[in-house]
Amino acid sequence: MSAIPIEKNDTMTIYSSIHALVAQAVQQAVAEGVLTLNAETPHFVVEPPRDPAHGDLATNVAMMLTKAAGKPPRAIAEILKKHLESAPVVAAVEIAGPGFINLRLRETEWQNEIRTILHDGRHYGDSKLGQGTKVLVEYVSANPTGPMHAGHVRGAVVGDALAGLLAKAGYDVTREYYFNDAGTQVDVLARTTYLRYREALGEDIGAIPEGFYPGEYLKDVGQALVARDGMKWQGKPEAEWLDPVREFGVQYMMRMIREDLDLIGIHHDVFTNEREMIENGTLEKSFKILEDKGLIYVGTLPPPKGKVMEDWEPAPLTLFRSSNFGDSTDRPLKKRDGNWAYIMPDIAYHYDKIRRGYSLLINVLGTDHGGYLERMRPVVSAFSDSKARLEVIFNSIVKVFKNGEPVKLSKRSGNLITLREMVEQVGAGAVRFFMLTRDPKSQLDFDFTKVVEQTRDNPVFYVQYAHARCCSILRHAGEIFGADELTAEKLQKADLTPISSPEELLLVKGMANWSRVVEAAATACEPHRVAFYLLDLAALFHGLWNKGNDNTSLRFIVADNKPLTYARMALIKAVQTVLQSGLAVMGCAPLEELRNERPTDV
RNA sequence: GUGCCCGUAGCUCAGUUGGAUAGAGCAAGUGCCUUCUAAGCACUAGGUCGGAGGUUCGACUCCUCUCGGGCACGCCA
């Protein structure tokens, strides 16, 4: 029986190459007539078994083939076993349980994985899963009426990390911010700005009345307006100042928001706004397109169910046939008075996204926007002829704590925990990491005290500590070898055969999972999986470190054994690299030491 | 009334898209500092995966029903 050659290219991982090997084994068994299939080989997986005692890799291929082959899974596994055993990278093959094929690879395969990590550096784990698909991630999108506060941060971080994750997974990502500068909210902004403007000119405005924004931050805007325009608007009727003051306020707020976002390292590629959508005709055009597709008609909707509405009166309205695309009802695009309904700018905006060629649209929103997905999916389907896909990442609220006590937030009084405050107190990296330590759908408690705690149960610290330890070890080793000898380039050439203990290889296998995590997390649009992966990897590393307590020969630096130590430095450098790669996806800066420092920078 | 989300150890949460004996941290118990950082590590104990059916070689995962909690459900914005 001839050995099966493995075709290997740059983007292949251990898992994908073994997957290919298994597929080849199936083909070969068929070619030799020992296996007959009456259907295509179904989708099977090659993955690390839950229990490491089962081997390095496991595949369910035999169980998946039972129908096509008309044989019990263990019989199929027996046939494939013979083929797999002949592969040079395979050390052992076992059949277990209902028909799993467990593979053990030669140690050199794992040692080579260390070289791959050192070679790929920050690009280790990159995937071509997305195949360059154009994806637009829209996040933050807060209206320009105030600074970023705790309520915005989670969505901002989740969106940004998701964008980073999709980029790593091979998508062509655009980070976009959409703001509403044409509705009543920005009119309130304009009126409040005008009030603060009069205040800045020395008028006594008293308390901020109901229906205005109470926040102190608008005093600055009033003063800035005085600085620019002087007394130009004083005593003038609203009709004269409303437009220019609104524009001034919006620009001021957007500048402030961008500065806030910069504090946690968030920079959108594109800013889009509602006014532009209306003024450049996109809105009219999107309506026309729906009309041309025969999706607009005039009709009367039944009253909404399950909700008492005293003022309900049936009336003929301009409707969009969204029920053609799975919506529970058709939607009015114009109000009774003939003006556009409020969803129309959103519709226009999503038309614009499609027009720009995106086939995957992702919006990051709070769970309180529950109805959004049902309303917008039909829109996206209509404009793209069902070719583009809209996904919404809903994230739950963040509850803020200090010393275990909940911090009361009140938007009405303008008493909010600002993003700036969070970053100044715990550091940008910690804010970002912590926001990603939970599935977005579940509620998150953000405790200022816990985030900076240097203990095992603070995931931010635990992962950073692992990275800092790698740095520390390499610093110490530099005294033996000279720092010049510990670069990734030099370490790649090390003899890695000393890396052979089960504990060390377990760590390497953990690192080899990185690309699988990238792909799975990107597919699920769940960046928090990266945080959990890093936590796992850090635990493996800390565990190995502490093995040195019981057994000095397992310490990374063994003074009287330079070849061994040098090989282990390659391992440490690899761990450092993977941690950095993961932190980079999350947008957190890796820390080189923690002793007297807080995470401060992005 | 309808739709979406959640329900996993005493607490806070993961669970590799259907795989083998369901995992971490905290809290409880035990052991480990002559060290490259004990800011930690190892071990013990803890479960009817809300409940009941179904699909199949195999279900925390998919389907139906059901109970409990959250969020939505206008021509308002």
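Small disclaimer: the values here were computed from a predicted structure and weren't measured. Protein chains get the first letters and strands the later ones, always in sequence-line order, with residue 1 at the start of each.
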Can you check nucleotides 61-64 of chain B for protein contacts, nitrogen or oxygen pairs under 3.5 Å, and list what you find?
none

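Take A/L295 and apply the side-chain contact (heavy atoms from CB on, under 4.5 Å) test, not counting sequence neighbours, and it matches A/L290, A/K293, A/F320, A/R321, A/N324, A/F325, A/A382. Looking at residues two or more places apart in sequence or on another chain, you find no side-chain contact (heavy atoms from CB on, under 4.5 Å) involving A/P302.
Here the CD-CG distance, from A/E479 to A/L474, works out to 12.0 Å after rounding to the nearest 0.5 Å.
Tested against A/M511, the residues A/L579, A/L571, A/T577 include a single side-chain contact (heavy atoms from CB on, under 4.5 Å) partner, A/L571.
Within 4.0 Å of A/S328, counting heavy atoms only, lies no atom of the nucleic acid at all. Residue-level contact check: A/P332 touches the backbone only, with heavy atoms under 4.0 Å from sugar-phosphate atoms and none from bases. Residue A/Y462 is classed as a sugar-phosphate contact, given heavy-atom separations below 4.0 Å to backbone atoms only. Among the heavy atoms of the strands lying under 4.0 Å from A/A315 is at least one base atom, whether or not backbone atoms are also near.
Closest contact between the side chain of A/Y465 and the listed nucleotides B/A38, B/C5, B/U12 involves B/A38.
For CD of A/E391, the number of neighbouring non-hydrogen atoms (other residues, nucleotides, ligands) closer than 6.0 Å is greater than 12.
Within residues 52-64 of chain A, the residues that have a heavy atom under 4.0 Å from RNA chain B are, in order of number, A/H54, A/A58, A/N60, A/M63, A/M64.
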Residues 60-79 of chain A side chain polar contacts: donor-acceptor under 3.5 Å, at least two apart:
unit_1, atom_1, unit_2, atom_2, d
A/N60, OD1, A/V45, N, 2.9
A/T66, OG1, A/M63, O, 3.0
A/R74, NH1, A/G97, O, 2.6

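For the pair A/K509 and A/E113, the salt-bridge criterion is not met [side-chain N within less than 4.0 Å of a carboxylate O]. Under 4.0 Å is where a charged nitrogen must lie from a carboxylate oxygen, and between A/E526 and A/R529 at least one such pair does.
Annotated as anti: B/U8, whose glycosidic dihedral deviates from 0 by more than 90°.
When all heavy atoms of A/M253 and A/P144 are compared, the pair lying nearest together is CG-O, 3.1 Å.
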>> Generate the contact string for nucleotides 25-36 of chain B. Rules: B means base contact, S means sugar-phosphate contact only, - means no protein heavy atom under 4.0 Å.
In response: SS--------BB

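Separating the CG atom of A/D439 from the C1' atom of B/C4 is a distance of 15 Å, rounded to the nearest angstrom.
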